[in-house]
Amino acid sequence: ENTDMEDTDTESTKGLDWPAQYMNPLPEPDSKISYIQRMNVADEIPESDTTTPPTGVNVIMNEMTEKEAEAYYDTLKAAGYSTNTDEVTDEKILLIGALNDGSNNSFVFSYLKEDHYGNVSITYMDAIYSK
């Protein structure tokens with residue numbers, strides 16, 4: 001019997017580091033980070049490209065527990081950002097808003113409970129409007 005789970009014991013349980021240089025002022029979620037995606041409008045910036053400034057960044061957590069997601073949701077709500085969409089159902093958590101910073105950058109936190117899939121993203125409004 002061949003399973004794809006055989007390598008999981010050797011992988012780091014910590015995951016990737018929170019990319020604070022891109023994500024501030026958003027708080028860091030207490031969850032393992034699986035992937036960090038830097039975007040240039042609709043295109044992903046390759047990891048090798050260190051010069052293109054991103055217009056947005058997605059932080060993906062493929063193993064986020066519902067407890068971690070609820071705690072992060074509570075942290076975001078307590079931070080006092082402007083909220084455009086605030087939806088919590090049996091299937092998902094979705095919080096969309098603005099950071100109330102000088103550029104009015106927007107953020108999205110979404111969590112799919114069944115998939116344990118969390119995603120928090122920030123969009124730099126100045127970078128988009130200057131393109």
Side-chain angles (χ1 to χ4, degrees):
E1 181 177 315
N2 184 11
T3 66
D4 292 331
M5 298 299 285
E6 56 197 3
D7 295 327
T8 53
D9 292 340
T10 56
E11 286 180 23
S12 162
T13 53
K14 186 178 180 336
L16 300 170
D17 289 331
W18 175 249
Q21 75 272 30
Y22 298 123
M23 301 307 285
N24 281 339
L26 284 172
E28 179 177 354
D30 185 16
S31 180
K32 179 179 174 182
I33 295 172
S34 315
Y35 189 66
I36 298 166
Q37 184 181 45
R38 295 177 306 135
M39 301 299 292
N40 182 7
V41 189
D43 300 318
E44 186 169 353
I45 300 170
E47 261 183 70
S48 57
D49 180 347
T50 56
T51 57
T52 301
T55 58
V57 176
N58 295 320
V59 176
I60 296 162
M61 294 147 293
N62 287 327
E63 302 167 41
M64 187 175 228
T65 66
E66 196 168 329
K67 188 175 177 185
E68 289 169 342
E70 288 168 351
Y72 192 58
Y73 169 84
D74 290 343
T75 299
L76 288 173
K77 292 282 287 186
Y81 304 131
S82 297
T83 304
N84 302 330
T85 302
D86 184 353
E87 195 177 337
V88 179
T89 68
D90 291 341
E91 290 86 39
K92 70 178 181 196
I93 296 172
L94 180 62
L95 189 62
I96 303 173
L99 295 173
N100 305 337
D101 52 8
S103 305
N104 214 27
N105 293 327
S106 64
F107 74 92
V108 176
F109 171 58
S110 62
Y111 179 70
L112 300 175
K113 294 180 181 181
E114 192 177 313
D115 300 325
H116 300 285
Y117 177 84
N119 178 19
V120 59
S121 65
I122 189 168
T123 302
Y124 309 114
M125 303 315 271
D126 289 352
I128 288 178
Y129 291 123
S130 67
K131 292 215 173 277

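What you see is a predicted model; the values in this text were computed from it and never measured.
- For the side-chain hydrogen bond (donor to acceptor under 3.5 Å, both in side chains) condition, the pairs that include at least one residue of residues 17-30, sequence neighbours left out, are K14-D17.
- The nearest pair of heavy atoms linking T85 to T83 is O-CG2, 3.5 Å.
- Side chains of N40 and T52: no donor on one and acceptor on the other come within 3.5 Å.
- When all heavy atoms of M23 and V120 are compared, the pair lying nearest together is CE-O, 3.8 Å.
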Intermediate values then yes/no, side-chain contact (heavy atoms from CB on, under 4.5 Å), I122 and V59 = CA-CA 9 Å; I122 189 168; V59 176; over 6 Å; no
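- Each side-chain hydrogen bond (donor to acceptor under 3.5 Å, both in side chains) pair with one or both residues in residues 114-124, not counting sequence neighbours, appears once here: Y111-H116.
- Side chain of S34 to main chain of N62: a donor-acceptor pair is present (N/O by atom type, distance under 3.5 Å, no hydrogens or angles).
- For the ring pair (Phe, Tyr, Trp, His ring centres under 6.0 Å) test, residues two or more places apart in sequence or in another chain that qualify with F107 are Y81.
- In this view, T51 and D49 satisfy the side chain to side chain donor-acceptor pair (under 3.5 Å) rule, not counting sequence neighbours.
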List the atom pairs, with distances to 0.1 Å, where a side-chain N or O of residues 89-97 and a protein N or O form a donor-acceptor pair under 3.5 Å, not counting sequence neighbours.
unit_1, atom_1, unit_2, atom_2, d
T89, OG1, E91, N, 3.1
T89, OG1, K92, N, 3.1
K92, NZ, E87, OE2, 3.4

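- When side chains are defined from C-beta on, E44 does not count as touching R38, because their heavy atoms never get closer than 4.5 Å.
- Annotation: side chain to side chain donor-acceptor pair (under 3.5 Å) contacts of T75 (sequence neighbours excluded): none.
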